[in-house]
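Following: one structure in structure tokens, then a few remarks.
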Amino acid sequence: MNVRRRLIPASAVTAVTALALGTLSACSSGSAAAGNTGKFDVVASFYPMAFLAERIGGDHVNVTSLTQPGQEPHDLEISAKQTAQLEETDAALYLKGLQPNVDEAIGQSGVKTKIDAATLTTLETHGAEDGHGDEDHAHEDEGGHEGHSHETEGGKDPHVWLDPVKYAEVAEGVGKAFEKADPDHAADYRKNTDTLVGKLNELDTTLEAGLKDRKTDVFITTHASFGYFAERYGLTEEAINGLDPESEPSAARVKELTETAGADGVTTVFYETLVSDDTAKTVAKDAGLKTDVLDPLEGITDSSRGADYFEVMESNLKALQTALGSA
């Protein structure tokens, strides 16, 4: 495994999610009606799913995101209005295991086409992810749940969108589901899917080339969401221990991270755009390191370093290049 240690609970480190604006071409609105729009209506659970629906659906879809701007995605409470939207929509696109309340609402809804992205690629166990449980994140550790955890059934890591190759596999599956559910526009869905997959493959090539000739393989984060990314590009993610974003890590953990930083040539502690950077700054100060943003792309906001998935991933690459000494 390429992910080590334990992590901060999701209540500490989750990024707010919103539907991407700017470069998306299709008509979408978080507040728009989810059904009877004259288009293929899709309710998406959070940003990475909405992005796929927008890019694949193009002008034929109306996408409504259950997770609105400023909302923390993992413990999203489904409103009565959203429950009604699910009954009216043509399709629901979600990633089971990431948002338990969304899983339940979609499962109980009468929506005809339910697309679970977790079934469209192979999930792996990277330990507990950014859930509310404080489970062991190392593959050699064996820990039980302590509250809600952000992971799929069987402890699988749901953060597949941070690996462009896996995200492309999900896109393929979503495209096929759209073709089946809305056959009148199947050709366009196929074309849009091929275009998106091509861009994701290009991103994979860019990331692989951009992370070569690095001085270290290790990076430190407050949010242990980059397991698939680390595995894809031969990196090792170190996640900080902590109970919440404002709490300081133990002196023992800071010492351990300081030793790791010295041994592995780590220069930077990463945090998220919309999450308190107090913990990152504490560790960085004690270890003599810098801080920077590594965005897990659970949402796009004005604070994001980019207007959509591709732009933010390119920003992540630049941050990692600097931190790993490959810039």
Side-chain angles (χ1 to χ4, degrees), residues 10-11 13-22 24 26 28-32 34 41-57 61-79 81-83 85-86 89 91-107 109 111 114-121 123 129-132 148-152 156-163 166-167 170-171 173-174 177 196 223 225-226 228 272-275 295-304 306-310 312-313:
S11 55
V13 294
T14 48
V16 296
T17 267
L19 196 65
L21 302 176
L24 298 183
S28 69
S29 171
S31 60
D41 295 305
V42 181
V43 169
S45 57
F46 75 132
Y47 176 71
M49 300 298 101
F51 181 75
L52 290 181
E54 293 279 2
R55 287 297 180 100
I56 293 169
V61 301
N62 175 73
V63 179
T64 304
S65 179
L66 291 176
T67 308
Q68 304 302 315
Q71 283 186 297
E72 192 278 328
H74 305 101
D75 281 339
L76 174 69
E77 295 291 341
I78 304 298
S79 68
K81 179 182 178 181
Q82 290 174 321
T83 299
Q85 288 177 332
L86 283 171
T89 193
L93 175 58
Y94 68 116
L95 202 166
K96 189 174 182 180
L98 194 88
Q99 297 171 288
N101 293 322
V102 172
D103 297 347
E104 183 178 5
I106 292 177
S109 74
V111 60
K114 300 175 183 179
I115 310 168
D116 176 9
T119 67
L120 302 177
T121 186
L123 300 187
E129 289 307 308
D130 54 334
H132 294 283
H148 162 64
S149 70
H150 171 167
E151 61 185 17
T152 64
K156 302 293 186 180
D157 179 357
H159 294 86
V160 292
W161 66 91
L162 291 170
D163 175 351
K166 287 193 171 293
Y167 201 34
V170 173
V174 172
L196 177 57
H223 182 185
S225 58
F226 285 82
Y228 289 108
E272 297 177 21
T273 310
L274 298 177
V275 174
D295 195 332
L297 264 160
E298 292 178 345
I300 296 287
T301 70
D302 291 340
S303 299
S304 299
D308 68 7
Y309 174 85
F310 290 106
V312 175
M313 285 296 279

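Between D308 and R55 there is a salt bridge, with a side-chain nitrogen of the basic residue lying less than 4.0 Å from a carboxylate oxygen of the acidic one.
The two residues A91 and T89 have their closest heavy-atom pair at O-OG1, 3.2 Å. In plain terms, the two heavy atoms of V63 and V61 that are nearest each other are CG2-CG2, 3.8 Å. The minimum heavy-atom distance between V102 and S45, with the atom names listed, is CG1-CB, 3.8 Å. Closest non-hydrogen pair, I300 versus S304, comes out as CA-OG, 3.5 Å.
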(request) Quick one: do Y94 and I115 satisfy side-chain contact (heavy atoms from CB on, under 4.5 Å)? Show the steps, please. (result) CA-CA 6 Å; Y94 68 116; I115 310 168; 5.8 Å; no
(message) Apply side-chain contact (heavy atoms from CB on, under 4.5 Å) to residues W161 and L52 and explain how you reach the verdict.
(response) CA-CA 10 Å; W161 66 91; L52 290 181; over 6 Å; no
(request) Using the side-chain contact (heavy atoms from CB on, under 4.5 Å) rule, take T67 and Q99 through it: C-alpha gap first, then chi angles, then the decisive distance, then the call. (result) CA-CA 10 Å; T67 308; Q99 297 171 288; 3.0 Å; yes
(message) F51 vs L297, test: side-chain contact (heavy atoms from CB on, under 4.5 Å). Steps then yes/no.
(response) CA-CA 11 Å; F51 181 75; L297 264 160; over 6 Å; no
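Here CD of Q82 is found 6.0 Å from CG of L76. Values are rounded to the nearest 0.5 Å. In this structure, K96 NZ and D103 CG are separated by 6.5 Å, a value rounded to the nearest 0.5 Å. We find the CD-CG distance between E54 and N62 to be 8.5 Å, quoted to the nearest 0.5 Å.
With contacts defined as side-chain heavy-atom distances shorter than 4.5 Å, the pair V160/L95 qualifies.
In this view, S109 satisfies the side-chain hydrogen bond (donor to acceptor under 3.5 Å, both in side chains) rule with no residue, not counting sequence neighbours.
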